[in-house]
Amino acid sequence: MRAVAGCLQVLQRRLEGKLDERAVELIGHAVDGAARMQTLIEGLLAFSRVGTRGGDVKRVELELVLATAIKNLSAAVAESGAQITHDPLPAVRGDALQLAMLFQNLLANAIKFRGEAAPRVRVGAVRDGADWRVSVRDNGIGIDPEFFERIFVIFQRLHTRTEYPGTGIGLALCRKIAERHGGRLWVESAPGQGADFLLTLPAADPPKADPP
Amino acid sequence: MNAPLTPIEILLVEDSPTDLLLTREALEYSKVLNTLHHVTDGLEAMAFLRRQPPYAGKPRPGLIFLDLNLPRMSGHEVLAELKADSDLRTIPVVVLTTSKTEEDIVRSYEHHANCFVTKPVDFDRFADVVRSINHFWFSIVTLPPPS
């Protein structure tokens with residue numbers, strides 16, 4: 001990608017002043033196209049790697065996972081003025097790296113698909129038998145129930161990339177990770193009412209007598 | 001039928017700004033004088049064709065170029081709705097897509113696409129394909145009389 005984008009940008013520099021508006025526009029499209037291809041390839045690699053079973057299943061502290069995800073998104077958080085808060089989060093059984101990817105994608109979406117207000121995201125967890133049901137709730141643009149299943153299908157998007165950038169891989173990846181953990185991922189939402197992404201994950205500890 | 005002297009109206013349903021630009025470039029090489037209208041998704045396409053706001057004064061296109069990979073409402077869904085509409089189904093639909101999967105081809109024809117064309121990656125070939133499409137549909141084919 002660097003070769004493609006780099007050469008185009010050098011070309012643009014060398015031809016400074018000699019290119020008409022349409023030519024400049026075309027080079028812009030080419031450079032953007034190269035960047036998008038890069039993102040797409042990275043996303044597809046991540047997606048295909050989730051499938052390989054045999055990764056170590058360990059005790060994973062979700063608070064650490066969340067902290068990692070938030071740290072990876074520090075630029076987007078700062079730029080959007082996002083506030084991400086959470087209830088005490090439990091330990092689950094799974095793959096820490098994959099879970100970090102899952103939370104990072106959900107949080108990135110919460111930030112990206114924001115409304116007029118700065119993004120507010122709340123992460124909580126409720127015990128459900130042998131599982132924890134984790135909720136990632138935002139105050140963004142929300143989703144029409146008509147599209148509740150479509151958004152989890154790879155490459156299916158609800159917006160053009162000029163409206164919101166994206167490859168259409170993120171939620172498919174999240175669902176694949178959830179399923180690999182023996183859990184489920186789904187959404188509750190309404191247009192303009194934010195979205196609540198719900199996820200079940202196997203608990204690492206037996207249920208306590210009192211709620212945490 | 002001879003090539004018309006007034007520009008023919010084409011509706012392009014395409015969400016990628018890059019593909020829009022490339023299609024416009026390709027159409028400039030076409031010998032058939034054409035006016036390109038553009039919408040970025042299926043819902044907008046239906047609104048345009050039904051002349052609903054903000055498309056109230058828009059002309060009825062003589063040809064529709066339809067991408068399959070669209071947000072919100074896929075090209076297949078648009079095609080199904082178009083061909084179920086007794087007024088709109090007489091407008092020829094050329095599915096113009098990057099896809100070459102058998103599933104997409106079969107589904108498109110099952111939904112009565114007039115034809116299925118995979119966009120060549122190479123621009124020169126793409127320009128040739130667009131020119132051929134226009135030549136075929138507007139210089140060779142007899143289109144239905146205006147409704």
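By convention in this document, chain letters (A, B, ...) are assigned in the order of the sequence lines, proteins followed by strands, and residues within each chain are numbered from 1. Predicted model only: the values in this text are computed from it and were never measured. Side-chain atoms are counted along with the backbone in the values below, which use heavy atoms only and exclude waters and symmetry mates.
- Going from atom CD of A:E163 over to atom CG of B:D41 covers 7.0 Å, rounded to the nearest 0.5 Å.
- Atoms CD and CG, from A:Q156 and B:N69 in turn, are 7.5 Å apart once rounded to the nearest 0.5 Å.
- At least one side-chain heavy atom of B:L21 sits under 4.5 Å from a side-chain heavy atom of A:R22.
- The contact between A:L26 and chain B is made by backbone and side chain atoms together, counting heavy-atom distances below 4.5 Å.
- Other residues, nucleotides and ligands place no more than 12 heavy atoms under 6.0 Å from the NZ atom of B:K58.
- B:S74 and A:R150 are not linked by any side-chain donor-acceptor pair at a separation below 3.5 angstrom, with hydrogens and angles left out of the test.
- Contact annotation for A:E146: neither backbone nor side-chain heavy atoms come within less than 4.5 Å of a heavy atom of chain B.
- Smallest separation of non-hydrogen atoms from A:T162 and B:P17: CG2-CG, 3.6 Å.
- The distance from the OG1 atom of B:T40 to the CZ atom of A:R161 is 11.5 Å, given to the nearest 0.5 Å.
- The side-chain heavy atoms of B:R72 and A:R157, taken from C-beta on, include no pair separated by under 4.5 Å.
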